[in-house]
Undergrad: 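Pasting in a structure now, in structure tokens, and then I'll have a few things to ask.
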2 protein chains.
Amino acid sequence: MAFTAVTLRDVAKHAGVHPGTASRALNSRTRALVNEATAKKVLEAARELGYRPNPIARGLKTNRSETIGVLIPDLTNPLFPPIVRGIEDRLREEGYTALLANSDNDPTKERLLFETMSDRQVEGFILATADREDPLVEDALAARVPIVMVNRTIETAIAFAVVGRDRGGSQLAVSHLVGLGHTRIGHIGGPERFSTGKARYEGFVAAMEGAGLEADRRLIGFGEAFTEDEGARVCRELLAADNSMTAIVAGNDLLALGCYDVFAEEGLRCPENISVIGYNDMPFIDKLRPPLSTIRIPHYEIGWNAADLLLLRISDPDASPRTVFLEPELVVRASTGPPPQPLSGTARSAAAGSAT
Amino acid sequence: MAFTAVTLRDVAKHAGVHPGTASRALNSRTRALVNEATAKKVLEAARELGYRPNPIARGLKTNRSETIGVLIPDLTNPLFPPIVRGIEDRLREEGYTALLANSDNDPTKERLLFETMSDRQVEGFILATADREDPLVEDALAARVPIVMVNRTIETAIAFAVVGRDRGGSQLAVSHLVGLGHTRIGHIGGPERFSTGKARYEGFVAAMEGAGLEADRRLIGFGEAFTEDEGARVCRELLAADNSMTAIVAGNDLLALGCYDVFAEEGLRCPENISVIGYNDMPFIDKLRPPLSTIRIPHYEIGWNAADLLLLRISDPDASPRTVFLEPELVVRASTGPPPQPLSGTARSAAAGSAT
DNA sequence: ATTGCGACAGCAAACGATTGCAGTATAGGT
DNA sequence: ACCTATACTGCAATCGTTTGCTGTCGCAAT
């Protein structure tokens, strides 16, 4: 196992040429500058000695590191692994590797990580951490550091980003519910400071209006985070505010999961008494009781495309910023069904009655 | 935002000293070599200019990169994110960062990644990819490259590793089932080429014998991978081989999930007709239908300790290899219950009968 | 025969730090 | 007053590559 200790000098010596020449021969971009025969000789020597260039040394001279920084809120959130996987796969195709770190949505930590990575000469960043207004992103943009955002994006500037078409996704969810016969539909939105939270909310409102339905403010709430707990909290509020609601579109799957908990508390059966649809289609969400209807986002592709875009941006500093939208897809499972018939006493009203 | 371009020379000049002196002043290990007053001056200058050392340049000279390589089979497997998180958290405490890559359990790819990372001067590796006999690990050991294994370990050498106490975990599972009254207990093991697969299997056999029960070979099968599909396949085999089985201990949660699918096919109710217990307690497994009983491994801690150990190994090349075992914990949920009463016709035998 | 040019290849200076060695100045001992 | 030990600090090499510049050689054109 060649844990390389063979340097460029070694192969140069072995090939009987100057290290500079060897360098040029080895680098495809400069190979033309050296005689074909000598180039062959060098390549041969390199192969023979098992030469592998030292990227650190190269980086020192060239300011390139062939690594890029990936900042995500929390790897432990099932949303991110596929994205990271996509990033990594695309990156490796070009010989790049990823430096990964978790920010826990803490701006201070985020900035620190960003700087640490900058120090390490990463050539660019993929950020899954952007707020709609995000000073870090703006600073990076101003400094012309290559970045592309994934999943979320900013609104205060135009930049590279790869995101799902969130408004469209909400519309999918609403149409599905409307098609089932629901009219009193609530929304549990994610934090409005994230583009995902806001866009899905806006999509919800637009779709409701498009369907000639009222987007009742009392039936709309926002979680302070994309968590199960927040989903439960808001769900309770919505239920308390108006008992005519028969369906909920949640800003993401975790929020929807919180609804499940509340339904259980309240003795509500899903989907018989109330429907809920999530967003993301995270792994294993199909195994739940009941399997969650949701909007699928192509996470792996998001990651892959983000890396692709970043690579482009790195090789062409003048590439014009673009945000690519990936299409969401409706996944119907068992958490959504027709609304309860109001005529006969439903379990819902029975449950409400028994609570009185 | 200081995207550092200020070098050691700059701060030296600003402080009116030689770069060498500045270097010594800045480095806590060598600070004693320089006059306290000048040191202060240098520190001051550095702070003022916002100096941040260039780790690449440093690394070139010192052969240290403050980064370590993390090789996992597939980040998308929910087992790994918490481990990686633990690794990263511990690493960052010491200013290290992690280079992450997925091997997909492909030895060729694994080796390639290993070499790429070596080239990048990583100071050590954390491997979640070890087979019980693993040439890559052996080579690395022979070359005295610092490595520590997580989750799985090798058997052909003694090395640093952090794993769950797998045999003990299986015993927990078996005791639980025996306590419930089961006697005909089957086992769906993971691949025997992984230490986890083997140890859990051995723990199963030992526990059965310890309980005075027969570990019937017909009730034992092995998946070729830790996947739901393999779980289903083996589950079908076991069911076909002997219809007296009332409980299954699965080598991991995914394998157990496969059982769920087969139960559904066969019209078996869990836990009324048959119990199953998983291993790992992966995220969201508690949301399943029914919530899966399982053995919890402290994944985050495994990662954290692995990083800790690696850091130790790096700072002290003569540290003696050790494998630290973390204790598993029984998590009882709803997939395990008492065995069906053989007296009255159970759904199980009814189902079997109707199939005849 | 001289000049000019093209094609290589070598030289050496970077890149930004670290570090062994040597030099200088001060203090302290006799 | 001289010598030596001590305490710094500066010098310069070095880590492994890359790359602008210079030099050499052969060949063709005049």
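This one's a predicted model, so the numbers in the text were calculated from it and none came from an experiment. To find a chain, count down the sequence lines: A is the first, B the second, and so on, and within it residues start at 1. All values below come from the heavy atoms of this structure, side chains included, with hydrogens, waters and symmetry mates left out.
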Undergrad: Salt bridge check, A/Arg58 against B/Asp119: does any charged N sit closer than 4.0 Å to a carboxylate O?
TA: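 Not counted as a salt bridge, because no side-chain N and carboxylate O are separated by less than 4.0 Å.
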
Undergrad: Once you round it to whole Å, what is the distance between P of C/dC8 and NZ of A/Lys40?
TA: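 Whole-Å distance recorded here is 14 Å.
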
Undergrad: Testing the basics here: between A/Asn151 and A/Leu79, what is the closest heavy-atom pair and its distance to 0.1 Å?
TA: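 Looking at all heavy atoms of both residues, the closest pair is ND2-CD2, 3.7 Å.
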
Undergrad: Between the protein and nucleotides 4-6 of chain C, which nitrogen or oxygen pairs are less than 3.5 angstrom apart?
TA:
none

Undergrad: If you measure from the Lys or Arg side-chain nitrogens to the Asp or Glu carboxylate oxygens, is any gap between B/Arg92 and B/Glu88 under 4.0 Å?
TA: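 Salt bridge flag = yes for B/Glu88 with B/Arg92.
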
Undergrad: If the threshold is 4.0 Å, N to carboxylate O, is there a salt bridge linking B/Glu44 and B/Lys41?
TA: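 Looking at B/Lys41 together with B/Glu44, the answer is no, because their closest N to O distance does not fall below 4.0 Å.
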
Undergrad: Strictly below 4.0 Å, N to O, side chains only: are A/Asp104 and B/Arg85 in salt-bridge contact?
TA: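 Yes.
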
Undergrad: Give the minimum heavy-atom separation between A/Leu8 and A/Ala22, together with the two atoms involved.
TA: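 Scanning both residues completely, I find the closest heavy atoms to be CD1-CB, 3.8 Å.
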
Undergrad: So which protein N/O to nucleotides 16-22 of chain C N/O distances come out below 3.5 Å?
TA:
| residue | atom | partner | partner atom | Å |
| --- | --- | --- | --- | --- |
| C/dG16 | N2 | B/Ala57 | O | 3.2 |
| C/dA17 | OP1 | B/Tyr51 | OH | 2.8 |
| C/dA17 | OP1 | B/Asn54 | N | 3.0 |
| C/dA17 | OP2 | B/Leu8 | N | 2.3 |
| C/dT18 | OP1 | B/Arg58 | NH1 | 2.5 |
| C/dT18 | OP2 | B/Ser23 | OG | 2.6 |
| C/dT19 | OP2 | B/Arg29 | NH2 | 3.4 |
| C/dG20 | O6 | B/Arg24 | NH1 | 3.2 |

Undergrad: For A/Ala39 and A/Ala25, work out which heavy atoms get closest and say how close.
TA: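 Nearest pair, atom of A/Ala39 first, then A/Ala25: CA-CB, 4.0 Å.
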
Undergrad: Just the rounded figure in Å: distance from P of D/dT9 to CZ of B/Arg31.
TA: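 So the CZ-P distance, B/Arg31 to D/dT9, works out to 14 Å.
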
Undergrad: In whole angstroms, how far is the P atom of C/dA27 from the CG atom of B/Asn35?
TA: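 Answer to the nearest Å: 13 Å.
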
Undergrad: Is B/Arg313 close enough and on-axis enough to B/Phe160, meaning under 6.0 Å and within 45°, for cation-pi?
TA: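 No, B/Arg313 does not sit over the ring of B/Phe160.
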
